[in-house]
Visitor: 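Would you mind keeping the following structure in view while I ask a few things?
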Amino acid sequence: MIIAVGGGKGGVGKTFIAANLAYGLSMYRKVLLVDVDVENPSAKVLFKNSKSIWKRSVVEFRPRINSSRCRLCGLCVDRCPENALVHIPGKGIILIETLCSGCGVCKLVCPNEAIESSESINGWIELLSARSSLDVIYGELICGSRRNNILIIETLYEALKNSNKYDYLVVDLPPGTGAGIASVIRRSDIVIIVTEPTPLGLSDTCKFLKLVSKLGDRKVIAVINKWGIGGIEDKLAMFFSEKGIRFFKVPYSYEAIESYMYSKPIFETAPQSIVASSVLEIIKYLIQGT
Amino acid sequence: MELVVVSGKGGTGKTFIASNLLYYLNRRVGIPSVGADADVEAPDLVLALGSGYRIEKCFEVRESRKAKIDSNKCLGLTCLECIRVCMFKAIDVVGDRPVVIEENCEGCTACSIVCKTNAITYYTKLTGKICLYRVDTVPIISGDLEVGERNSGHLVYKVREFAKDVCRELECKHIVIDAAAGIGCPVISSLVGADKAIIVVEPTPQSIEGALRIRKLAKFMNVCTYAIINKHDLNEELSKKISDMLDVEVLGMVPYDYAAVKAYANMQPLIAYDPYSEASKHLLKVLEVIAFSVMGS
């Protein structure tokens with residue numbers, strides 16, 4: 001069972017909900033928490049005593065031009081979709097590394113086998129053991145890379161390889177509605193939209209829902225986090241009701257902020273709190289319904 | 001000048017700072033400035049500035065190339081050369097035929113080069129939409145990426161180009177860019193060639209970790225960077241350390257204030273909605289520093 005936790009807006013509490021759901025579910029089942037917020041992976045922060053199982057770098061293709069074989073025909077320059085190859089007279093074919101997407105078209109079109117394979121690091125993927133029935137896998141983008149979408153996909157595929165070992169995969173998505181997020185949703189059984197009761201939260205929820213429905217029929221539930229901050233609570237509740245989307249409220253409370261500040265799961269810092277019991281309510285719903 | 005508002009982590013207050021800064025520049029101190037919403041996957045800047053907006057101009061960007069496989073020509077399971085060469089995991093076998101996963105496809109043409117039966121063609125689809133809004137008098141350029149699209153960085157460049165045109169046309173002095181969260185493609189496109197950047201950071205471990213990432217990126221890209229600490233009273237001790245941790249000049253701090261939530265709910269910048277609130281008092285000081293020292297108005 002793959003559960004994607006997203007919602008267009010940043011800072012609404014996606015990681016808070018995903019990490020606590022994963023922790024809570026792991027009290028009953030085997031869980032893998034998958035953090036694909038590769039630009040700012042922070043789910044692991046909640047599990048400080050985790051042990052690393054393995055960590056590997058993710059590399060992508062870069063062309064290396066063998067100048068003794070290159071006849072400067074310019075085909076690679078013409079066919080490069082990112083305009084990352086330029087022909088500088090007197091210097092030959094030069095790669096502008098930051099533009100290269102690693103697609104390999106240059107190597108495929110070169111008639112003289114003058115392009116050799118080289119690699120560039122795009123980021124890392126690490127698998128951690130957080131507690132007996134909870135593992136965490138995350139991807140982390142290298143500073144300066146534009147290739148966040150492909151790293152999301154790599155991290156997801158790495159998680160899917162081992163999915164039969166777990167009852168649940170809980171995927172913590174980055175903010176937004178882009179391609180990498182679409183890839184995850186396409187492979188998910190349930191999508192949980194996390195939002196907050198502000199007009200911005202509602203607007204981003206609409207865009208996120210548009211993405212989800214574009215990718216086909218799947219179960220969607222919503223979490224209105226920070227319920228009670230004094231925004232547009234009722235309007236948002238009405239919005240989900242009208243769409244027939246089951247929603248859960250997680251109250252804005254000191255316990256939630258404290259758990260966040262100390263970077264620990266709510267079930268450790270305040271297991272008796274209303275926040276913990278509202279997360280537990282979602283967990284029970286997930287276990288019963290699946 | 002072009003000033004970019006960034007943060008490694010989402011939800012720390014980029015749009016909050018950008019919307020108030022734009023209101024301050026245009027309405028408080030009379031320095032005409034354009035806003036550019038570069039958070040194209042979740043654009044909110046117009047909403048944060050006000051509910052009474054009108055759209056002046058819109059255009060579509062239609063530059064996303066995607067592959068399509070003609071199943072009648074495809075050799076099917078006996079070949080699958082296209083899957084072998086695709087670096088983006090954009091082709092999957094469904095039934096007995098390779099099928100393109102649209103959101104993964106970069107339109108690079110590698111698959112069509114190796115296809116033995118010329119079964120692969122390309123089509124162009126909508127990347128996103130860019131509009132010029134007027135919120136009261138403030139001009140805002142907003143980019144809206146088509147859901148599930150990948151060319152966010154490209155769309156951000158277009159947003160910035162258009163913002164520059166509008167800025168020239170309206171004889172504005174500055175462009176304030178509200179960037180996306182993170183450090184990836186759209187953020188890099190927001191920072192390339194920009195004059196200065198402001199990191200909005202909260203005194204939480206997650207936000208500081210994100211701020212460190214964006215600080216490193218800005219340094220790498222040679223963009224001069226400052227910071228604003230939002231909700232500094234969540235953790236006073238940590239707030240004091242942020243300047244050293246990030247190695248940046250902190251322009252000021254804004255306390256947590258219920259008025260800020262109320263302002264959002266009413267779709268107005270805080271300094272317009274409740275100018276005498278505790279947060280407004282601090283925010284106004286920060287905005288003055290940005291407008292007159294950082295931006296050198």
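Fair warning: this is a prediction, and the values are worked out from it, not measured in the lab.
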Visitor: Side chain, backbone, both or neither: which part of B:Val192 has a heavy atom under 4.5 Å from chain A?
Guide: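 The side chain, not the backbone.
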Visitor: I'd like to verify something: which residue of A:Leu211, A:Leu202, A:Leu200, A:Ile257 has the highest number of heavy-atom pairs under 4.5 Å with chain B?
Guide: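 The candidate making the most pairs under 4.5 Å is A:Leu200.
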Visitor: Which residue pairs pass the side chain to side chain donor-acceptor pair (under 3.5 Å) test with at least one member in residues 226-237 of chain A, sequence neighbours excluded?
Guide: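 Side chain to side chain donor-acceptor pair (under 3.5 Å) check on residues 226-237 of chain A returns A:Glu196-A:Lys226.
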Visitor: For chain A, which of B:Asn104, B:Leu217, B:Asn266 has the most heavy-atom pairs under 4.5 Å?
Guide: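 Between B:Asn104, B:Leu217, B:Asn266, the count favours B:Asn104.
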Visitor: Sort out for me which of A:Ser183, A:Gly176, A:Gly201 touches chain B most, counting heavy-atom pairs under 4.5 Å.
Guide: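 Going by pairs under 4.5 Å, I would pick A:Ser183.
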Visitor: Would you say the side-chain atoms of A:Thr198 pair up with the backbone N or O of B:Ala265, donor to acceptor, closer than 3.5 Å?
Guide: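 Not a single qualifying donor-acceptor pair exists.
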Visitor: What I'd like to find out is whether the side chain of B:Pro43 reaches to under 4.5 Å of the side chain of A:Lys207, using heavy atoms alone.
Guide: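 B:Pro43 reaches A:Lys207 side chain to side chain.
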Visitor: Run the numbers on A:Glu140 and B:Arg213 for side chain to side chain contact (heavy atoms under 4.5 Å, CB included), then give the verdict.
Guide: CA-CA 11 Å; A:Glu140 181 169 11; B:Arg213 287 198 172 91; 2.8 Å; yes
Visitor: Please classify the contact of A:Leu215 with chain B as side chain, backbone, both or neither, using a heavy-atom distance under 4.5 Å.
Guide: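 Only the side chain of A:Leu215 comes within 4.5 Å of chain B.
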Visitor: Taking all heavy atoms of A:Ala179 and all of B:Arg150, pick out the closest pair and write down the distance.
Guide: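 Smallest interatomic distance, heavy atoms only, reads CB-CB, 3.5 Å.
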Visitor: Among A:Gly231, A:Pro199, A:Gly102, single out the residue with the greatest number of heavy-atom pairs under 4.5 Å to chain B.
Guide: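 Answer, by heavy-atom pair count under 4.5 Å with chain B: A:Pro199.
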Visitor: Heavy-atom distances under 4.5 Å only: say whether A:Pro197 touches chain B with side chain, backbone, both or neither.
Guide: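 Answer is neither: A:Pro197 stays 4.5 Å or more from chain B.
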Visitor: State, yes or no, whether a side-chain contact exists between A:Arg79 and B:Ile113 at a heavy-atom distance under 4.5 Å.
Guide: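 When only atoms from C-beta onward are counted, B:Ile113 and A:Arg79 do touch, with a gap below 4.5 Å.
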Visitor: Mind checking whether B:Gln206 and A:Ser263 have side chains closer than 4.5 Å, heavy atoms only?
Guide: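 The answer is yes; the side chains approach within 4.5 Å.
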Visitor: Should we count NZ of A:Lys214 as having more than 12 external heavy atoms under 6.0 Å?
Guide: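 Enclosed: over 12 neighbouring heavy atoms sit under 6.0 Å from NZ of A:Lys214.
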Visitor: Within a reach of under 6.0 Å around OH of B:Tyr123, are more than 12 heavy atoms found that belong to other residues, nucleotides or ligands?
Guide: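 Count over threshold, so yes.
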Visitor: Provide the closest heavy-atom pair for A:Ser145 versus B:Ile188 in the form atom of the first, atom of the second, distance.
Guide: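 A:Ser145 and B:Ile188 have their closest heavy atoms at O-CD1, 3.5 Å.
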Visitor: With a sphere of 6.0 Å drawn around OH of B:Tyr53, does it hold more than 12 non-hydrogen atoms of other residues, nucleotides or ligands?
Guide: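 No, the 6.0 Å shell around OH holds no more than 12 heavy atoms from other groups.
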Visitor: Distance check, rounded to the nearest 0.5 Å: B:Met221 atom CE versus A:Cys143 atom SG?
Guide: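 The distance works out to 9.5 Å.
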Visitor: Test of understanding: with side chain to side chain donor-acceptor pair (under 3.5 Å), list the residues that count as partners of A:Tyr252, not counting sequence neighbours.
Guide: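 A:Tyr252 satisfies side chain to side chain donor-acceptor pair (under 3.5 Å) with no residue once adjacent residues are dropped.
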Visitor: Is a side-chain N or O of B:Glu41 found less than 3.5 angstrom from the main chain of A:Gly178, in a donor-acceptor match?
Guide: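 Here the side-chain-to-backbone pair exists.
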Visitor: Any idea which heavy atoms bring B:Glu209 and A:Asn40 closest together, and the distance?
Guide: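 Between these two residues, the closest heavy atoms are C-OD1, 4.3 Å.
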Visitor: Given heavy-atom pairs under 4.5 angstrom as the criterion, report whether the side chain, backbone, both or neither of B:Val40 touches chain A.
Guide: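 The backbone, not the side chain.
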Visitor: Which heavy atom in A:Lys9 sits nearest to a heavy atom in B:Gly11, and how many Å separate them?
Guide: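 That closest heavy-atom pairing would be NZ-CA, 4.4 Å.
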Visitor: A side-chain contact here means heavy atoms from C-beta on lying under 4.5 Å apart; do B:Glu106 and A:Ser101 qualify?
Guide: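 They are in side-chain contact.
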Visitor: Looking at B:Glu236, I want to see if its CD is surrounded by more than 12 non-hydrogen atoms of other residues, nucleotides or ligands under 6.0 Å.
Guide: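 Enclosed: over 12 neighbouring heavy atoms sit under 6.0 Å from CD of B:Glu236.
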Visitor: Would you mind telling me which of A:Tyr157, A:Tyr262, A:Phe61 has the largest number of heavy-atom pairs within less than 4.5 Å of chain B?
Guide: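 Of A:Tyr157, A:Tyr262, A:Phe61, A:Tyr157 has the most heavy-atom pairs under 4.5 Å with chain B.
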Visitor: Measure the shortest side-chain to side-chain distance between B:Cys108 and A:Glu82 over non-hydrogen atoms and say whether it is less than 4.5 angstrom.
Guide: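 A side-chain contact under 4.5 Å is absent here.
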Visitor: For the interface with chain B, which of A:Val38, A:Val12, A:Ile153 has the highest count of heavy-atom pairs at distances below 4.5 Å?
Guide: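 Maximum pair count with chain B is reached by A:Ile153.
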Visitor: Report the option among B:Ser189, B:Ser7, B:Gly107 that has the most heavy-atom pairs separated by less than 4.5 Å from atoms of chain A.
Guide: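 Sorted descending by pairs with chain A, the first entry is B:Ser189.
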Visitor: I'd like to know if the side chain of B:Lys262 and the backbone of A:Gly230 have a donor-acceptor N/O pair within less than 3.5 Å.
Guide: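 Between the backbone of A:Gly230 and the side chain of B:Lys262 there is a qualifying donor-acceptor contact (under 3.5 Å).
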Visitor: Which value, rounded to the nearest 0.5 Å, describes the distance between A:Ser203 atom OG and B:Asp44 atom CG?
Guide: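 Reported to 0.5 Å precision, the distance equals 5.0 Å.
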Visitor: Should the pair B:Lys9-A:Glu39 be classified as a salt bridge under the 4.0 Å nitrogen-to-oxygen rule?
Guide: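 The answer is no: the pair does not qualify as a salt bridge.
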Visitor: Output the option from B:Tyr264, B:Phe220, B:Phe88 having the highest count of non-hydrogen pairs under 4.5 Å with chain A.
Guide: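 When all of B:Tyr264, B:Phe220, B:Phe88 are compared, B:Phe88 has the most.
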Visitor: State, with a plain yes or no, whether a side-chain heavy atom of A:Thr177 is found less than 4.5 Å away from one of B:Leu145.
Guide: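 Not in contact.
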Visitor: For B:Gly184 and A:Asn148, work out which heavy atoms get closest and say how close.
Guide: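 What the structure gives for the nearest pair is CA-OD1, 3.6 Å.
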Visitor: For B:Ser152, is it the side chain, the backbone, both or neither that has a heavy atom under 4.5 Å from a heavy atom of chain A?
Guide: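 For B:Ser152, there is no contact with chain A at all, as no heavy atom is under 4.5 Å.
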Visitor: Can you tell me how far CG of B:Asn235 sits from CE of A:Met261, rounded to the nearest 0.5 angstrom?
Guide: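 Going from CE on A:Met261 over to CG on B:Asn235, the span is 4.0 Å.
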Visitor: Below 4.5 Å from any heavy atom of chain A, which atoms of B:Ile214 appear? Answer side chain, backbone, both or neither.
Guide: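 Contact with chain A is absent: no heavy atom of B:Ile214 under 4.5 Å.
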Visitor: Any heavy-atom pair between the side chains of B:Met87 and A:Glu60 that's under 4.5 Å?
Guide: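 The answer is no; the side chains never approach within 4.5 Å.
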Visitor: Could you report the tightest heavy-atom contact between A:Leu141 and B:Ile183, atom names first, then the distance?
Guide: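 Answer, listing the atom of A:Leu141 first, then B:Ile183: O-CD1, 4.2 Å.
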Visitor: Which of the residues A:Asn149, A:Leu151, A:Ile232, A:Ile181 is involved in the greatest number of heavy-atom pairs with chain B at under 4.5 angstrom?
Guide: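 Of A:Asn149, A:Leu151, A:Ile232, A:Ile181, A:Asn149 has the most heavy-atom pairs under 4.5 Å with chain B.
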Visitor: Once you round to the nearest 0.5 Å, how far does NZ of B:Lys216 lie from CD1 of A:Ile142?
Guide: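 The CD1 atom of A:Ile142 is 7.0 Å from NZ of B:Lys216, to the nearest 0.5 Å.
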Visitor: Sort out for me which of B:Gly10, B:Cys185, B:Ala181 touches chain A most, counting heavy-atom pairs under 4.5 Å.
Guide: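 Of the candidates given, the most pairs with chain A belong to B:Cys185.
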